[in-house]
Amino acid sequence: MRNVLVAAAVLLSACATELKAPTADAGAARRVPVGQLVQLDGSASADPASLPLAFAWSFRSLPPGSAAKLNDARVVRPSFVADVAGAYVVDLTVSNGTKQSGVAEVVVTADPTVGAVLPQAGFTITTVAAGPSGFLVSPRGVAVGQGGDLFVMEGGDATVPPRLTRLAATGAASIVAQRGYLAGAQDVLWTGTELLATTGGPVLVKVSTAGVQSVAFDTTSTSDLRLQGLSKVTPAAGGTAFYVGDSRNDELLSLASIPATTATRASFNGAPGGGTWGVTGFASGGVDQLILANRDEVWRQTGTAAPTVTRLAAGGLLVGMRKVLVTPCATPKLVVAARDTGAVLVLDPACTGNDCASATAQQLVVGLGNPYGMDWDLTDAANPVLVVTDESLDAVYRVKGNFCAL
């Protein structure tokens, strides 16, 4: 018996030493108004063996004069009040009971200019919904459905679960779906009859307008994808293609139909890492153009057989990009939501040199907190409207103007 116990102890010790450390993820940097209640999010932290995690948050630094305190440093989503202007640097470590992660950092900047939302001259911006009275909590992706209804993916908070919400053209708000596959809610796309949604994992979700959730594409058993941005485009050869960004592997996935069992990968010939978030595509002169926004850079791939890859822009205001669209115009421009700088920018996809779009980038909207999702409302095709969500301000905006003159 003693030998059995010794052998068991040795086995347990060996298993313990083989355990890998978990990975802490403190969430993305953000800008918020001074005085706002900020909820941190460590839910993307992970353990290789799927063991439960213990969380430990702490402030590394506070702005001068701040008395900010975490309401509970041991939960997955603690909160604090950004009481003065400046940068709040917060650290997170997680433990699986045996091993501890390295330190993950997130920077929250309280900026007095956030909330003073201003469009470029010649454009107007109106608020569709904002704050608790507007029903929204951390809105992310948005899709314009039939009749102009808006479908918004909400990240939720400690009291509201991630969910898909409909904002009717009449102004009424209702929950389409929540929980289920929607944990980690990211982007949403209207296909013409139903919705597709990404949730930051390996599953692409299909959601009916009645709220029924089902799997449209799943790589859980074969790969660890983090699906983010969604786009539906018409290639030069005709038909329809669905593109999905994979922020873990810095690539695009192309799906010919939905639901799908396989996908074609487009790696942009090894474009630098940073996480593929925003994706889109269009055909120009019979040639396919794919656009990738990998956090701090915008890339263009022209052609398919022997593609040419060009970096259009990098850095500056292009930080934390979450969505990229093509203007519905004869001469298309790119519209980019730069989450970490609070701006919606316009770039020229026809640039031919490295970073050529940087010098010509236009600031379409400034003063946002963290613009995240965008879509076109083409109810009036002659007068397209840009719909933008703001995760920090819990708001959805409509931007009107002559986009084809940009």
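Note that these values count all heavy atoms, side chains included, but never hydrogens, waters or copies made by symmetry. Quantities reported herein were computed from a predicted structural model and do not represent experimental measurements.
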For residues 237-262, which residue pairs qualify under ring-ring contact (aromatic ring centres under 6.0 Å, His included), counting only residues two or more places apart or in two chains?
none
Taking only residues at least two apart or on different chains, which pairs with a member in residues 192-212 satisfy side-chain hydrogen bond (donor to acceptor under 3.5 Å, both in side chains)?
none
Quick one: does I175's side chain get under 4.5 Å of L164's, heavy atoms only?
no
Enumerate the residue pairs fulfilling side-chain hydrogen bond (donor to acceptor under 3.5 Å, both in side chains) with a member in residues 329-345, sequence neighbours excluded, ordered by first and then second residue.
R339-E391
Can you tell if the side chain of I125 reaches within under 4.5 Å of the side chain of V365, non-hydrogen atoms only?
yes
Could I get the full list of ring-ring contact (aromatic ring centres under 6.0 Å, His included) partners for Y181, not counting sequence neighbours?
none
Would you call D377 and R398 a salt bridge, taking side-chain N to carboxylate O under 4.0 Å as the test?
yes
So side-chain hydrogen bond (donor to acceptor under 3.5 Å, both in side chains) across residues 107-125, not counting sequence neighbours, yields R31-D111, D111-T113, Q120-Q362
Can you pull the ring-ring contact (aromatic ring centres under 6.0 Å, His included) pairs that have at least one residue in residues 51-101, sequence neighbours excluded?
F59-F80, F80-Y88
Check the pair D83 / S66 against side chain to side chain donor-acceptor pair (under 3.5 Å), numbers first and verdict last.
CA-CA 6 Å; D83 53 349; S66 173; 2.7 Å; yes
Contacts of Q100 meeting side chain to side chain donor-acceptor pair (under 3.5 Å) (sequence neighbours excluded), chain-then-number -> none
Which pairs count as ring-ring contact (aromatic ring centres under 6.0 Å, His included) when at least one residue sits in residues 383-406, sequence neighbours excluded?
F123-F403, W376-F403
Return the set of residues passing ring-ring contact (aromatic ring centres under 6.0 Å, His included) with F217 (not counting sequence neighbours), or none when no residue passes.
none
With a cut-off of 6.0 Å (strictly less than), are more than 12 heavy atoms of other residues, nucleotides or ligands near NZ of K400?
no
Using side chain to side chain donor-acceptor pair (under 3.5 Å) as the criterion, list what pairs up with D25, not counting sequence neighbours.
none
State which residues pass side chain to side chain donor-acceptor pair (under 3.5 Å) with D390; sequence neighbours excluded, sorted by chain then number.
none
Derivation of the side chain to side chain contact (heavy atoms under 4.5 Å, CB included) call for L255 and L204:
CA-CA 11 Å; L255 292 79; L204 180 62; 4.3 Å; yes
The side-chain contact (heavy atoms from CB on, under 4.5 Å) partners of A177 (sequence neighbours excluded) come to L182, V207, Q213
